[in-house]
Amino acid sequence: MIKEYIAQLVAGSATKGLGLELPPGSVVLEKPKQQDHGDWATSLALSLAKELKRKPRDIAQKMVEAMSPDPSRVAAVEIAGPGFINFRLADEYCRRQLGKIPALGGKYGTGDRHAGKRAQVEFVSCNPTGPLTVGHGRQAAAGDALARLLESQGYRVEREYYFNDAGLQMRMLAESVLYRYRELLGGTAEFPEGHYQGEYIRDIAEACRAERGGGLGEGDLEYFKAKAVETTFADIRATLGRMGIVFDNYFNESSLYADGSIARTRQALGDKGLTYERDGALWFRATGFGAEKDRVLVRSSGEPTYRLPDIAYHVTKFERGFDLILDVFGSDHQATYPDVMAALGALGHDTSRMDVRIHQFVTLTRGGQQVKMSTRKATYVTLDELFDEVGADAARYFFLMRRMESHLDFDLDLAKKQSDENPVFYVQYAHARICSILQHAEAKDVRREKPDLGMLTAAEEMALIKHLLDYPDMVAGAAEAREPHRVPTYLQELAGIFHAFYHKHRVVTDDPKLSNARLDLCQAVRIVLANGLGLLGVGAPERM
RNA sequence: GCGCCUGUAGCUCAGUUUGGAUAGAGCGUCGGACUUCGAAUCCGCAGGCCGCCCGUUCGAGUCGGGCCAGGCGCGCCA
């Protein structure tokens with residue numbers, strides 16, 4: 001890649017011009033913000049100034065004099081400002097790279113950096129107690145986009161959903177159905193703290209009555225539970241399906257009891273001296289790992305807390321041999337994973353293979369007002385309702401637009417707008433517009449002439465080409481940093497540069513050579529837009 | 001009280017990983033641009049103590065410390 005080549009040039013010039021051996025990879029290259037500062041720049045001369053006790057510009061001068069860049073790749077090397085060395089790529093080189101994009105198609109932007117490795121991404125993972133809400137939506141979009149980003153870098157990825165259909169929450173769920181069931185039969189529903197009051201519970205109760213009649217009671221909680229789990233899980237899968245998300249595994253916590261994992265993990269932690277008994281409960285020595293207080297692993301009732309299964313579950317992930325174990329959680333789980341991580345480390349697992357990404361919450365805005373949501377009162381907005389209102393594409397795009405660490409302010413009015421105000425339409429529109437141009441060209445039969453990319457010389461064309469060439473680095477960076485939001489940011493820039501180009505230059509003209517060169521450029525833009533949207537799980541429509 | 005996250009233009013946010021040159025984008029406001037491939041678009045104007053203070057540095061939105069404000073946690077719930 002060109003970046004490595006320039007880094008090599010810099011390192012070589014430091015050796016030749018200054019007599020310095022720079023360790024490989026130590027050369028920092030950045031993309032200048034200002035266009036007239038070239039395509040790549042290094043501030044090496046500035047950082048060496050102190051050590052060498054020389055003026056930065058003199059150092060840069062010596063380095064540049066010792067450099068002999070390949071003119072087919074680097075057109076100019078300049079010293080600027082306090083001592084930056086700026087590199088300008090040869091237009092010819094950029095055009096050559098552009099020429100490779102159409103043949104690569106969907107592969108453009110992928111890399112083999114992690115080829116042969118296996119990754120697992122765990123996300124959503126909520127218990128089947130009700131419909132997915134907008135908060136889950138952000139996690140679903142993020143987890144799936146991360147999985148796609150990892151796949152783009154060569155990982156074979158398994159998407160996994162972890163849940164528990166046996167615990168306390170499920171009992172509450174079953175009882176909630178029972179209350180609603182009784183209500184249907186003329187009684188009154190009383191909801192103690194912690195039970196589920198959502199409308200969907202009534203539907204499940206109704207289904208139970210339709211299936212088994214009116215004679216059910218306390219003794220049929222298992223039936224109510226099974227019915228509720230079956231119904232809600234079907235709903236959850238359907239909702240995820242609307243986003244195009246399919247899990248490879250649904251991992252049930254109860255299997256950890258069945259196969260002895262829980263018992264083994266408990267034993268192993270005990271053997272390491274990491275547990276002790278107090279007040280009839282089994283405690284984990286979390287304070288040994290910097291936690292504020294120790295945590296209960298097994299209640300005095302004999303029932304484990306979520307922590308022990310969580311640890312056992314992650315042990316299975318390590319046993320399954322993944323090279324990368326990525327967990328995506330909401331910020332409400334922020335406090336739970338350090339214990340799990342500490343325990344896994346103590347059990348001898350290589351926790352550097354694990355990565356936990358925590359995302360912040362979503363708030364909805366409508367008409368400039370925040371939409372109030374409460375799980376307890378069941379006044380939350382479900383993901384399905386969101387999809388009904390703004391569409392799955394817009395929803396996914398909006399979920400991924402912001403850094404996961406930032407609170408997401410989801411503007412419902414904006415997401416619905418079919419205009420340039422709406423970022424997802426703006427990007428999709430660029431794609432559709434290109435498709436339309438390509439069709440137009442086809443109709444006019446201009447695709448006969450062999451393209452000569454040398455015809456692309458205008459500033460808008462070069463800007464577009466250079467941005468297209470940034471795409472693979474952007475994808476690799478987003479995957480490495482686990483930051484899906486870089487993709488929408490990039491796509492909006494690309495769409496913007498394309499629209500500007502489009503307005504300044506006509507693609508299909510009387511000049512067949514130029515037309516074909518521009519058509520190739522358009523095709524390359526289309527491919528990158530489609531690939532980028534693909535990473536987000538958002539459609540790239542041919543017409544809108 | 002403690003932990004994690006956040007604070008950048010009127011609004012919503014990039015930029016912080018790896019300190020670098022005049023801090024960017026979208027929306028909103030205002031003013032312009034369609035006989036031609038999609039005006040669902042484009043061009044331009046205006047808009048900034050980068051929450052505050054101190055420190056490190058030739059250089060800080062970026063690193064360190066201390067404050068302030070908001071969100072989420074801090075359970076023998078998950």
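So that the names make sense, note that chain A is the first sequence line, chain B the second, and so on, each numbered from 1.
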Distance, [atom1] atom - from [M] to [N], rounded to whole angstrom:
{"N": "B:U12", "M": "B:G28", "atom1": "C1'", "value": "11 Å"}
{"N": "B:C49", "M": "B:G3", "atom1": "P", "value": "31 Å"}
{"N": "B:C54", "M": "B:U22", "atom1": "P", "value": "23 Å"}
{"N": "B:C43", "M": "B:C27", "atom1": "P", "value": "10 Å"}
{"N": "B:A25", "M": "B:G15", "atom1": "P", "value": "15 Å"}
{"N": "B:C4", "M": "B:G19", "atom1": "P", "value": "22 Å"}
{"N": "B:A23", "M": "B:C50", "atom1": "P", "value": "11 Å"}
{"N": "B:C11", "M": "B:U29", "atom1": "C1'", "value": "12 Å"}

With respect to the phosphate group of [N], does any side-chain polar atom (N or O) of [X] fall under 4.0 Å of OP1 or OP2?
{"X": "A:Arg433", "N": "B:A39", "answer": "yes"}
{"X": "A:Ser406", "N": "B:A14", "answer": "yes"}
{"X": "A:Lys33", "N": "B:G20", "answer": "no"}
{"X": "A:Arg403", "N": "B:G15", "answer": "yes"}
{"X": "A:Tyr426", "N": "B:C42", "answer": "yes"}
{"X": "A:His485", "N": "B:G15", "answer": "yes"}
{"X": "A:Ser43", "N": "B:G20", "answer": "no"}
{"X": "A:Tyr306", "N": "B:G75", "answer": "no"}

Worksheet item: Do the ring planes of A:Phe247 and A:Phe123 sit parallel (below 30°), tilted (30 to 60°) or perpendicular (above 60°)?
Response: tilted
Practice prompt. Look at the aromatic rings of A:Tyr276 and A:Trp283 and report parallel, tilted or perpendicular, splitting at 30° and 60°.
Written response: parallel
Worksheet entry | Presence of donor-acceptor pair under 3.5 Å, side chain of A:Ser300 and base of B:C76 | yes
Worksheet item: For the side chain of A:Asn86 and the base of B:A21, is some donor closer than 3.5 Å to an acceptor across the two?
Response: yes
Applying a 4.0 Å non-hydrogen cut-off, can you work out what [X] is touching in the nucleic acid: base, sugar-phosphate, or nothing?
{"X": "A:Ala291", "value": "nothing"}
{"X": "A:Ala441", "value": "nothing"}
{"X": "A:Asp310", "value": "nothing"}
{"X": "A:Glu542", "value": "base"}
{"X": "A:Phe361", "value": "sugar-phosphate"}

Worksheet item: Can you list the stems that include RNA chain B, where a stem is three or more consecutive Watson-Crick or G-U pairs with distances under 3.5 Å?
Response: B:1-7 with B:68-74, B:10-13 with B:24-27, B:30-33 with B:41-44, B:51-55 with B:63-67
Response to the item:
Contacts of A:Tyr429 meeting side-chain contact (heavy atoms from CB on, under 4.5 Å) (sequence neighbours excluded), chain-then-number -> A:Arg433, A:His499, A:Met544
Among [options], find the nucleotide with the atom closest to the side chain of [X].
{"X": "A:Glu405", "options": "B:C5, B:C37, B:A21", "value": "B:C5"}
{"X": "A:Asp332", "options": "B:A21, B:C72, B:C37", "value": "B:C72"}
{"X": "A:Asp279", "options": "B:C76, B:G20, B:U17", "value": "B:C76"}
{"X": "A:Arg506", "options": "B:C37, B:G3, B:G38", "value": "B:C37"}
{"X": "A:Leu46", "options": "B:G20, B:C72, B:G38", "value": "B:G20"}
{"X": "A:Arg486", "options": "B:C2, B:A40, B:U17", "value": "B:U17"}
{"X": "A:Ser331", "options": "B:U6, B:C72, B:G3", "value": "B:C72"}
{"X": "A:Arg402", "options": "B:A21, B:A78, B:C13", "value": "B:C13"}
{"X": "A:Phe84", "options": "B:C2, B:C4, B:A21", "value": "B:A21"}
{"X": "A:Ala500", "options": "B:C42, B:A40, B:U17", "value": "B:C42"}

Worksheet item: Going by ring centres under 5.5 Å and near-parallel planes (under 30°), is A:His407 stacked on B:G71?
Response: no
Discussion item. Determine whether the aromatic ring centres of residues A:Phe289 and A:Phe284 are separated by less than 6.0 angstrom.
Written reply: yes
Worksheet item: Do A:Tyr161 and A:Phe233 make the cut of ring centroids closer than 6.0 angstrom?
Response: yes
Worksheet item: From A:Phe498 CZ over to A:His431 NE2, what is the distance, rounded to the nearest 0.5 angstrom?
Response: 10.5 Å
Within the 3.5 Å criterion, strictly below it, is a donor on [X] or [Y] matched to an acceptor on the partner's side chain?
{"X": "A:His333", "Y": "A:Asp327", "value": "no"}
{"X": "A:Glu461", "Y": "A:His505", "value": "no"}
{"X": "A:Asn127", "Y": "A:Thr129", "value": "no"}

Response to the item:
Walking RNA chain B from its 5' end, the first of A:Ser436 and A:Lys293 to be reached, judged by nearest nucleotide, is A:Ser436
Response to the item:
Nearest-nucleotide check on RNA chain B, A:Val508 vs A:Asn127; residue mapping nearer the 5' end is A:Val508
Discussion item. Testing the basics here: between A:Phe329 and A:Gln139, what is the closest heavy-atom pair and its distance to 0.1 Å?
Written reply: C-NE2, 3.7 Å
